[in-house]
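Below is one structure, written out as structure tokens; comments come after it.
Counting starts at 1 for both ligands and their atoms, following the listed order.
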Amino acid sequence: MDLREDLKQLEQEARALIEQVKNSADLEAARIKYLGRKDGVLTGLMKQMATLSAEEKPKFGASVNQIKNALTELLDRKAAEFDAAAAAHAPREDLTMPGRVPWRGAKHPVTLVIDEICDIFRTLGFSRVRGPEAETEWYNFTALNTPLDHPAADMHDTFYLAPGVLLRSHTSPMQIRTMQQFQPPVRVVVPGMVYRRDPFDASHAPGFEQLEGLAVDEGITFIDFKATLAEFARRLFGPRTKVRFRPSFFPFTEPSAEVDISCTICGGSGCSTCKGTGWVEIMGSGMVDPSVFTHVNYDDERYTGYAFGMGPARIALMLYGISDIRTLYDSDVRFLEQFA
Ligand code: 2NL
């Protein structure tokens, strides 16, 4: 048999087959068929070399090698063609796509309200102070004219950390600390977290921000008290806001009053927010009880003052028209980002 003729025919067959291959999987199959190390056609031919004479061997070997190189070149060219076609159809970068908007931090609505309230009181001469959340019974109750067996202590009597030490139930302890540290005149606002044994529902939370204020000096009267708090309410809720003082009771003030404003939703005609009354309560307040002054060694004959306390979260509900206080504590950025 003429091995050289066989080789030529083999090469032509192989070329024809590889040329009409349509995809890279079939191309790989063709590569294995001809160039596969174990069972490839060319490997088979090399094995036949053993049967040849000494002078035929090198020529035959050279021919097989030449075919191998030619087929390798052809296979590589086809592979490159398939790769280029695949790349042409692959998805490319869309340069018209808008960029990702970076996340922006923002102040929490309750923080915004606290800052606004403190700002108003700053223009009225009040400093902003803060203090510890863990307090002693003396600062939280006793100094505030609230004996531990007083009914007011009962509802506050909660979240004890150790005997005689508790999470403060109001920020008043910090006003006591301020009076111990400074002589009158004293004018401070005290925002901060307070803790009470309250349920978590639409209008309560067991931990919440409170904001209290205190003014003490010689000659402060009920007129200063009413005028200052009414002015504050009109600055926060708008100049047409009506303000009323309703008699109330706190152990640390005498007399005491709840401060109501005309309803921000209906303007006073009556709606669900004000439960048909036209008024909504914004804070508790009163003239500081003289017994509080004795506890901080102020002369209770010389000094008078007023104090007040409010819940900025509840005020945030009114100002922003939010119906459930829990949305302020859920930390859901989809809700909070609207305040950015
Ligand atoms: C409320 C009522 C109030 C005070 C807080 C106070 C503090 C001192 C002396 C006297 Cl050191 N009073 N604070 C007075 C009246 C009311 O808060 O409803 N808070 C949410």
What is the nearest protein non-hydrogen atom to [atom], stated with its residue, atom name and distance?
{"atom": "atom 10 (C) of ligand 1", "answer": "Phe252 O, 3.4 Å"}
{"atom": "atom 11 (Cl) of ligand 1", "answer": "Gln175 CB, 3.4 Å"}
{"atom": "atom 18 (O) of ligand 1", "answer": "Gly284 N, 3.7 Å"}
{"atom": "atom 8 (C) of ligand 1", "answer": "Leu144 CD2, 3.6 Å"}
{"atom": "atom 5 (C) of ligand 1", "answer": "Glu212 OE1, 3.1 Å"}

Can you tell me which portion of [X] lies within the under-4.0 Å heavy-atom range of ligand 1? Options are side chain, backbone, both, or neither.
{"X": "Gln210", "answer": "side chain"}
{"X": "Asp289", "answer": "neither"}
{"X": "Phe250", "answer": "side chain"}

Nearest neighbour of atom 15 (C) of ligand 1 from the list Ser285, Gly311, Ser256, on a heavy-atom basis:
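Closest candidate by heavy-atom distance is Ser285.
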Which one of Gly309, Pro312, Pro173 has a non-hydrogen atom at the shortest distance from atom 17 (O) of ligand 1?
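Result: the heavy atom closest to atom 17 (O) of ligand 1 is in Gly309.
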Between Phe225 and Phe245, what is the ring plane arrangement, given parallel below 30°, perpendicular above 60°, and tilted in between?
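Answer is perpendicular, since the angle exceeds 60°.
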I want to know if ligand 1 touches Thr253 in the polar sense, i.e. an N/O pair below 3.5 angstrom.
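No, there is no polar N/O contact under 3.5 Å.
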Run the ring pair (Phe, Tyr, Trp, His ring centres under 6.0 Å) check on Phe208 and Tyr329 step by step: do they pass?
CA-CA 9 Å; Phe208 60 97; Tyr329 301 104; 8.3 Å; no
Output every pair passing ring-ring contact (aromatic ring centres under 6.0 Å, His included) with a member in residues 83-120, not counting sequence neighbours, ordered by first then second residue.
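Of all non-adjacent pairs touching residues 83-120, none passes ring-ring contact (aromatic ring centres under 6.0 Å, His included).
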Filter on ring-ring contact (aromatic ring centres under 6.0 Å, His included), then keep only pairs touching residues 109-128, sequence neighbours left out; what's left?
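The answer is Phe121-Phe126, Phe121-Phe232, Phe121-Phe308.
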Knowing that exactly one of Arg314, Arg246, Lys275 qualifies, which makes a salt bridge (Lys or Arg N to Asp or Glu O under 4.0 Å) with Glu281?
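Passing option: Arg246.
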Leu317 and Asp324: CA distance, side-chain angles, deciding distance, side-chain contact (heavy atoms from CB on, under 4.5 Å) verdict:
CA-CA 8 Å; Leu317 299 188; Asp324 192 324; over 6 Å; no
Checking side-chain contact (heavy atoms from CB on, under 4.5 Å) for the pair Ile176/Leu144: CA distance, chi angles, key distance, verdict?
CA-CA 8 Å; Ile176 299 294; Leu144 288 153; 4.0 Å; yes
Evaluate the criterion side chain to side chain donor-acceptor pair (under 3.5 Å) for residue pair Tyr34 and Glu13; output intermediate values, then yes/no.
CA-CA 11 Å; Tyr34 291 105; Glu13 263 174 38; 5.0 Å; no
